[in-house]
Number of protein chains: 2
Amino acid sequence: MKFSTRTTYGLRAMIYLSKYWQKEKISIASIAKAEGISSKYLERLFAKLKKEDLIVAEKGSSGGYALARDPKEVTVFDIVKSLEGKMSPFHCVDESGKVYCGKNCKCGATLVLVKVQKAINDTLKGIKLKDISK
Amino acid sequence: MKFSTRTTYGLRAMIYLSKYWQKEKISIASIAKAEGISSKYLERLFAKLKKEDLIVAEKGSSGGYALARDPKEVTVFDIVKSLEGKMSPFHCVDESGKVYCGKNCKCGATLVLVKVQKAINDTLKGIKLKDISK
DNA sequence: ACTATATCCTACTAATTTAGTTGGTATTTT
DNA sequence: AAAATACCAACTAAATTAGTAGGATATAGT
Ligand code: FES
Ligand code: FES
């Protein structure tokens, strides 16, 4: 049971960006270099973050990325969700906690599934980007 | 971010077994059939559960499996851990919460990693097999 | 002793997901 | 015009997960 590395990459990149909040735009190349991440891969992760309006971009020479919102207001949940897609840790419980197992079974396992899901989400929602980017 | 299906399979099988706690031994074949799981696959999951002393087996005709311990005392954490292996949800934090990222970075991401890990484990440890197998 | 029914064991294959690359196009500053 | 940047789609590689094949070993009942 793991979060994929793209989540860690994404978090690191967002932390990096938050250091320049309301200061500079930062290029993917410089983040990739500083963090030791493949810049082409990071590019694709940024596409997801942008789609969820977590970052804004400016094209062209001297363009780059910047946070779209104040790090005090962005939660880690927002970031992780946009990178991981569906935030359901089990195949038969969806994001809202609704169960739709293949067998339509109402087995006790679902209790576990729902509780774990809630624990993860609550934790992620309780951490702001600001909290981790001092 | 998902638990693999083997975790759900394992939980379901353990719930099934707990219904026969101190009554009968149950064969893999019958569990597999009842739960709609590949019996050969379930066989391999049971090997893991047995290795962690969560179940006991008896060979031969009229053999089968049974819980090794009282469902009131087995936690879901025990089960999930034995099936998932390492219970670290991120690549740079181990089970004890120790960080050893490739870059040896001490970035704020680790705070997230450690908190999520703890939230999951605490949740799983707080649920007994008995609680989910009525 | 034979047979049927079990666990146990190893190695293979298939499917899926994740990670990363290639090769561009479009846009903006200098 | 040139350089630097975001943007985009398709491909490849690696890793993990899911499932299968083909047995060997042990026990109960006949
Ligand atoms: S395994 Fe999905 S509801 Fe029981
Ligand atoms: S990403 Fe592993 S410690 Fe920062």
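Since the model is a prediction, treat every value here as computed from it, not as a measurement. Within every chain, numbering begins at 1; the chains are lettered A, B, ... in the order of the sequence lines, protein sequences first and strands thereafter.
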| remark: In whole angstroms, the gap separating C1' of dT20(D) from CG of Leu42(B) amounts to 14 Å
| For atom NZ of Lys48(A) and atom P of dG20(C), their distance in whole Å | 14 Å
| request: Check the hydrophobic clustering (I, L, V, M, F, W, Y; side-chain heavy atoms under 4.5 Å; chains of links allowed) and say if Ile15(B) and Tyr20(B) are grouped together. | output: yes
| message | Please determine whether side-chain contact (heavy atoms from CB on, under 4.5 Å) holds for the pair Leu67(B) and Leu54(B), giving the CA-CA distance in whole Å, both sets of side-chain angles, and the decisive distance to 0.1 Å. | response | CA-CA 6 Å; Leu67(B) 292 184; Leu54(B) 293 171; over 6 Å; no
| remark: Whole-Å distance, Tyr41(A) OH to dT18(C) P, equals 8 Å
| said: Any non-hydrogen side-chain atom of Glu58(A) less than 4.5 Å from a side-chain atom of Tyr65(A)? | reply: no
| said: If you define the side chain from C-beta out and look only at heavy atoms, does anything of Gln117(A) sit under 4.5 Å from Asn121(A)? | reply: yes
| request: Sugar-phosphate means primed atoms, P, OP1 and OP2; the rest is base. With that split, encode nucleotides 3-12 of chain D 5' to 3' as B, S or - using protein heavy atoms under 4.0 Å. | output: BBBSBB-B--
| Quick one: does Ile37(A)'s side chain get under 4.5 Å of Ile31(A)'s, heavy atoms only? | no
| query | When the distance from CD of Glu84(B) to C1' of dA18(D) is rounded to whole Å, what number comes out? | reply | 13 Å
| How long is the line joining NZ of Lys51(B) and P of dT10(C), in whole Å? | 10 Å
| query | Is it true that the side chains of Ser27(B) and Ser30(B) contain a donor and an acceptor less than 3.5 Å apart? | reply | yes
| message | Whole angstroms only, please: what is the CD-P distance between Glu35(B) and dG19(D)? | response | 14 Å
| field | Among dT20(D), dA19(C), dG20(C), the nucleotide that comes nearest once only the side chain of Ser38(B) is considered | value | dT20(D)
| Considering only heavy atoms from C-beta outward, does the side chain of Glu73(B) approach that of Lys130(B) to under 4.5 Å? | no
| said: Tell me the bend of the helix from dA1(C)-dT30(D) to dT30(C)-dA1(D) as the angle between end helix axes, each from five pairs, rounded to the nearest 10 degrees. | reply: 10°
| said: Taking 4.0 Å as the cut-off, does a side-chain nitrogen or oxygen of Tyr9(B) come that near to OP1 or OP2 on dG19(D)? | reply: yes
| field | NZ/NE/NH1/NH2 to OD/OE distance under 4.0 Å, Asp78(A) and Arg69(A) | value | yes
| query | Counting only side-chain N and O atoms of Ser4(B), is one of them less than 4.0 Å from OP1 or OP2 of dA18(D)? | reply | yes
| said: Measure CD1/Ile37(A) against P/dT18(C) and give the value in whole Å, please. | reply: 17 Å
| query | Got Ile127(B) and Lys115(A) here, is their nearest side-chain heavy-atom distance under 4.5 Å? | reply | yes
